[in-house]
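These notes are about the structure you will find just below.
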Amino acid sequence: ETGVTQTPRHLVMGMTNKKSLKCEQHLGHNAMYWYKQSAKKPLELMFVYSLEERVENNSVPSRFSPECPNSSHLFLHLHTLQPEDSALYLCASSQEGRAYEAFFGQGTRLTVV
Amino acid sequence: GIQVEQSPPDLILQEGANSTLRCNFSDSVNNLQWFHQNPWGQLINLFYIPSGTKQNGRLSATTVATERYSLLYISSSQTTDSGVYFCAVVETSGSRLTFGEGTQLTVNP
């Protein structure tokens with residue numbers, strides 16, 4: 001148990017569906033992150049929220065829409081995805097700063113059909 | 001940005017063997033973490049080790065920041081050690097984790 005919980009663990013969705021991934025952290029951190037891990041590729045940072053404000057968006061397509069209503073919760077809203085968006089999506093949290101230690105959730109394995 | 005290289009990319013061991021995984025990075029860092037990704041995808045924190053040496057049971061890690069590398073030692077390996085081991089760093093001039101490509105470890109009974 002890392003203190004970061006993601007739901008659902010698995011998700012299969014059609015290209016016309018709308019779904020959301022949820023992340024919750026119980027560590028008192030003030031920064032939260034979405035990462036994407038595709039097969040045979042390193043983890044790619046998608047979004048960063050610090051103190052509930054989006055501070056980084058690494059050229060992610062608009063079909064991915066993050067939301068951070070408070071410092072403990074992070075969502076990733078998905079709509080009109082493509083099959084190549086199938087991947088493991090990981091949420092992480094940390095204290096904002098240069099020498100933080102990050103903790104990750106269990107991940108959501110997404111399949112787009 | 002900083003480059004993180006891990007070696008070897010794949011490693012197959014018999015249960016009980018020892019191993020050393022290496023992480024080289026191209027610039028100075030103020031954060032280095034080792035993670036184990038289990039078969040279900042979860043990243044488990046092993047060590048937060050920007051410098052020095054730490055031990056936790058059968059695992060230990062050493063980071064020599066001045067020479068820009070870190071080593072992860074696994075002793076008396078078990079089948080449950082199988083998975084991907086990632087090194088991730090935050091460069092001194094940055095604030096985000098950059099991951100290496102990982103070492104895929106398979107421990108056979």
Side-chain angles (χ1 to χ4, degrees), chain A residues 1-11 21 23 25 27 29-51 54-59 86-111, chain B residues 1-10 21 23-52 54 56 61 63 65 70 83-104 106:
Chain A
E1 183 60 52
T2 64
V4 182
T5 303
Q6 286 185 244
T7 55
R9 297 292 304 277
H10 300 272
L11 179 62
L21 310 185
C23 177
Q25 59 97 359
L27 300 170
H29 291 158
N30 58 15
M32 297 186 77
Y33 312 81
W34 281 116
Y35 285 82
K36 176 183 178 182
Q37 186 181 25
S38 303
K40 308 290 185 185
K41 289 187 179 180
L43 275 76
E44 303 169 56
L45 181 61
M46 300 174 71
F47 300 105
V48 180
Y49 274 83
S50 176
L51 298 172
R54 190 191 313 180
V55 296
E56 201 159 321
N57 175 346
N58 288 327
S59 304
S86 298
L88 180 68
Y89 289 86
L90 290 158
C91 171
S93 74
S94 73
Q95 278 300 112
E96 178 72 340
R98 292 177 178 271
Y100 62 76
E101 181 176 9
F103 294 84
F104 284 78
Q106 308 96 317
T108 295
R109 195 166 295 280
L110 173 67
T111 303
Chain B
I2 193 168
Q3 304 299 310
V4 182
E5 295 182 358
Q6 292 186 241
S7 60
D10 297 280
L21 282 58
C23 173
N24 292 334
F25 40 95
S26 60
D27 209 340
S28 57
V29 301
N30 53 25
N31 176 3
L32 188 145
Q33 291 184 245
W34 282 99
F35 297 92
H36 174 216
Q37 187 168 41
N38 65 25
W40 299 273
Q42 183 163 16
L43 282 171
I44 306 296
N45 289 42
L46 298 178
F47 294 101
Y48 170 73
I49 187 167
S51 64
K54 290 186 178 180
N56 184 2
T63 297
S70 183
V84 183
Y85 289 79
F86 286 102
C87 169
V89 303
V90 178
E91 57 188 310
T92 303
S93 60
S95 58
R96 306 293 174 229
L97 277 174
T98 298
F99 281 78
E101 296 196 4
T103 292
Q104 173 76 58
T106 302

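Proteins get letters first, then strands, A, B, ... in listed order; numbering begins at 1 in each. Reckoned from all heavy atoms, side chains included, excluding hydrogens, waters and symmetry mates.
Screening A:Phe103, A:Phe104, A:Tyr35 against B:Phe35 for a ring pair (Phe, Tyr, Trp, His ring centres under 6.0 Å) leaves a single residue, A:Phe104.
Highest contact tally toward chain B, considering only A:Gly107, A:Ala92, A:Pro42, is held by A:Pro42 [criterion: heavy-atom pairs under 4.5 Å]. Each of A:Leu45, A:Leu90, A:Val48 has some count of heavy-atom pairs under 4.5 Å with chain B, and the biggest count is that of A:Val48.
Distance check, rounded to the nearest 0.5 Å: CD of A:Gln37 to CZ of B:Phe99 gives 8.5 Å. A:Tyr33 OH to B:Leu97 CG: the interatomic distance, rounded to the nearest 0.5 Å, is 7.5 Å.
For B:Gln104, no part lies under 4.5 angstrom from a heavy atom of chain A.
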Listing, residues 39-46 of chain B side-chain donor-acceptor contacts under 3.5 Å, not counting sequence neighbours, or none:
residue	atom	partner	partner atom	Å
B:Asn45	ND2	A:Glu101	OE2	3.3
B:Asn45	ND2	A:Ala102	O	2.8

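Checked against side chain to side chain donor-acceptor pair (under 3.5 Å), A:Gln6 has no partners two or more places apart in sequence or in another chain.
When the shell of 6.0 Å around CD of A:Glu44 is examined, it contains more than 12 heavy atoms from other residues, nucleotides or ligands.
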